[in-house]
Amino acid sequence: MLLADVVAASRAASATRSRLAKTAAVAEALRAAGPDDAATVAAYLSGVLPQRRIGVSWRGLATLPDAAAEPTATVAEVDRALTTIGAVSGSGSAAARATAVTELFSRLTSDEQDYLRALVTGQVRQGALDGVMLAAVAAAADVPEAEVRRAVMLAGHTGPVAAAALAGGREALAQIGLEVGRPLRPMLAASAPDVDAAWEQAAVEGQGVVVDGKLDGIRLQAHRDGDDVRLFTRSLDDITDRLPEVVEAVLTLPAQRLVVDGEAIALDGAGRPRPFQETASRTMSSTGVDELRATVPVTPYFFDLLHVDGEDLLDLPATERFARLADLVPEPWLVPRTTASSATQAAEFFHQLVADGHEGVVVKSPTAPYAAGRRGAGWVKVKPRHTLDLVVLAVEWGSGRREGWLSNIHLGARDPGTGDFVMLGKTFKGMTDEVLAWQTARFLELETSRKGHVVHVRPEQVVEIAFDGIQTSSRYPGGMALRFARVIRYRDDKTAAEADTVDTVRSLRG
DNA sequence: GGGACAGCATC
DNA sequence: GTCGGAA
DNA sequence: TTCCGACGATGCTGTCCC
């Protein structure tokens, strides 16, 4: 198949807002691709590179060579070229990569160049990603979407499932099972503003809910096959070599083959959670692991059991999986957990866990099976919310659907000593289209200067901001930054002189 | 040897 | 990661 | 309900470059 055919399908998907029409356009391309190209085409049309990382992004594609006149490049050729580019390493690799990029892009037409650049930089915007692709695979192979979804969960990636479905239909999909050693997509949680709302979503008549502590670490899926242990992140990266103490822990469990799901987190000497940044630093570094594990050890906390000694547990009700987990994993490696027969009980557990320094809770339906890739009502997370009244210091012009609107706002806290404002971060979240329109007009009124896409404004507009916590920052002058900041509302009843101060923010850091 | 930068990952 | 819009 | 696309802060690695 030609890359131009993929570009055309992407165009067709972009051209309509109807999800069904997008699905049809993608499905047609899948059918046309044939078994050899299906996996690559499925990846491309869901905005993903099969190679995942190739060491080239926006900067490396800023200037492209002259385009070809006619489309000749095949999907397979492009895929091979990208694999080659991704494999280059060592001294001189930047130049070698640039040469290979130029060579590849010079064979593409202008439309193909634009598309491949967007694909490589993760900027494909066709209103169709993995969700539409699932439906498209089902349509193209004439198989039930639920079976595609399940196969993708178990295989971890859509491309190979698309290829299997097109080549062998339902029988081929049924061959895709849970394999110990191969990561599967982790189940995700929906979110709710408070425990009552979470209870409403997850509670089962007569059984209440299971409430888990939400630990502020990184997601961890552990596979054991005899003496071989593999550890995977939420995005299915293999991080086995980074966490030897977790490998050792898994090897002590009384089963030869198992798959467990949990969270890895660094604790301090008193057993309280360290700031997320410290867990992140430890779990993401792959050099000097031996010294690191001595100073910042990581503890696994498991909350689900997916497979044990030949038996898949995914479809069992949560309470049964959890009981089997508790039989297998010693208490120190189990996530804090309780059952609650009322929202009030669940709220008590929430407050206790937050007091212990944890991020919140995940409220779980006792009957829900393990279902990846969807944020259904089976699991619902709840975190405490903090708010501050801050002052807008500057605004950035938006892009995409926010083109022409002032979007991303720079947030500052008052410094009572100097009368200045100290920037604590930015946010573009929480604005309706109506608010976007209002703030565009408002900040153009307050404009003092412009630099690039940043509009600086007189620091007069107060905005109420919600956030999850304070992080230490080397980027911002106060040494602090807000985590997950979002707009609640603009406050016209407060002047900048009444905004919250850096001292208030500092006291929240704890 | 060490800082700057780009890319990619975590949340 | 959060959030709003849209199917 | 579900999916998509607006974009956030931070830390590590590999490479370049002085």
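As the structure is a computational prediction, the values presented were derived from the model and not from experiment. Below, read A as the first sequence line, B as the second, and so on, with proteins coming before strands; counting in each chain starts at 1.
Aromatic pair A:W333/A:F303: centroids not less than 6.0 angstrom apart.
We find that A:D500 and A:R414 are not joined by a salt bridge, their nearest charged nitrogen and carboxylate oxygen being 4.0 Å or further apart.
Counting only heavy atoms from C-beta outward, the side chains of A:D415 and A:T501 never approach each other to under 4.5 Å. A 4.5 Å side-chain heavy-atom check between A:K22 and A:T16 finds at least one atom pair inside the cut-off.
A gap of 40 Å separates the C1' atoms of B:dA4 and C:dG5, to the nearest Å. Between D:dC7 and B:dC11, the two P atoms lie 23 Å apart (nearest whole Å).
Picking from B:dC11, D:dG11, D:dG8 the nucleotide with the shortest atom distance to the side chain of A:S281 gives D:dG11.
The phosphate of B:dT10 has neither OP1 nor OP2 within less than 4.0 Å of any side-chain N or O from A:R234. When the side-chain nitrogen and oxygen atoms of A:R53 are compared with OP1 and OP2 of B:dA9, one or more of them lie within a distance under 4.0 Å. For A:R149 and D:dC3, the shortest distance from a side-chain N or O to OP1 or OP2 is below 4.0 Å. Taking side-chain N and O atoms only, A:R125 has a distance below 4.0 Å to OP1 or OP2 of D:dA6. Close to D:dA9, at under 4.0 Å from its OP1 or OP2, lies no side-chain N or O of A:S473. Residue A:K429 places no side-chain N or O under 4.0 Å from the OP1 or OP2 atom of D:dG8. Contact check, A:S286 against D:dC12: no side-chain N or O comes under 4.0 Å of OP1 or OP2. Under 4.0 angstrom from either OP1 or OP2 of B:dA9 there lies no side-chain N or O belonging to A:S235. Between A:N408 and the phosphate of D:dA6, there is no side-chain N or O to OP1/OP2 separation shorter than 4.0 Å.
On the nucleic acid side, DNA chain C has its first and last nucleotide under 4.0 Å of a heavy atom of chain A at C:dG1 to C:dA7, going 5' to 3'.
Residue side chain A:R475 does not reach the base of D:dT10 through any donor-acceptor N/O pair under 3.5 Å, judged by distance alone.
Contacts of A:T427 with the nucleic acid, taken as non-hydrogen atoms under 4.0 Å apart, are absent. When heavy atoms are screened at a 4.0 angstrom cut-off, A:T283 is found touching no nucleic acid atom at all. Using a 4.0 Å heavy-atom criterion, one finds that A:E434 contacts no nucleic acid atom at all.
Comparing A:L20 and A:K381 by the nucleotide of DNA chain C whose heavy atom lies nearest to each, the residue mapping closer to the 5' end is A:K381. A residue-by-residue look at A:E359 and A:R401 shows that A:E359 has its nearest nucleotide of DNA chain C further toward the 5' end.
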Practice prompt. Could you give me the CA-CA distance, side-chain angles and deciding distance for A:R483 and A:D468, then say whether salt bridge (Lys or Arg N to Asp or Glu O under 4.0 Å) is met?
Written response: CA-CA 5 Å; A:R483 192 173 183 201; A:D468 275 21; over 6 Å; no

Discussion item. The test is salt bridge (Lys or Arg N to Asp or Glu O under 4.0 Å); show your working for A:K381 and A:E359 and say whether it passes.
Written reply: CA-CA 10 Å; A:K381 61 187 164 190; A:E359 201 185 4; over 6 Å; no

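Considering CG of A:D261 and CG of A:L220, their distance stands at 8.0 Å, rounded to 0.5 Å. Within the model, atoms CD1 of A:I265 and OG1 of A:T283 stand 10.0 Å from one another, a figure rounded to the nearest 0.5 Å.
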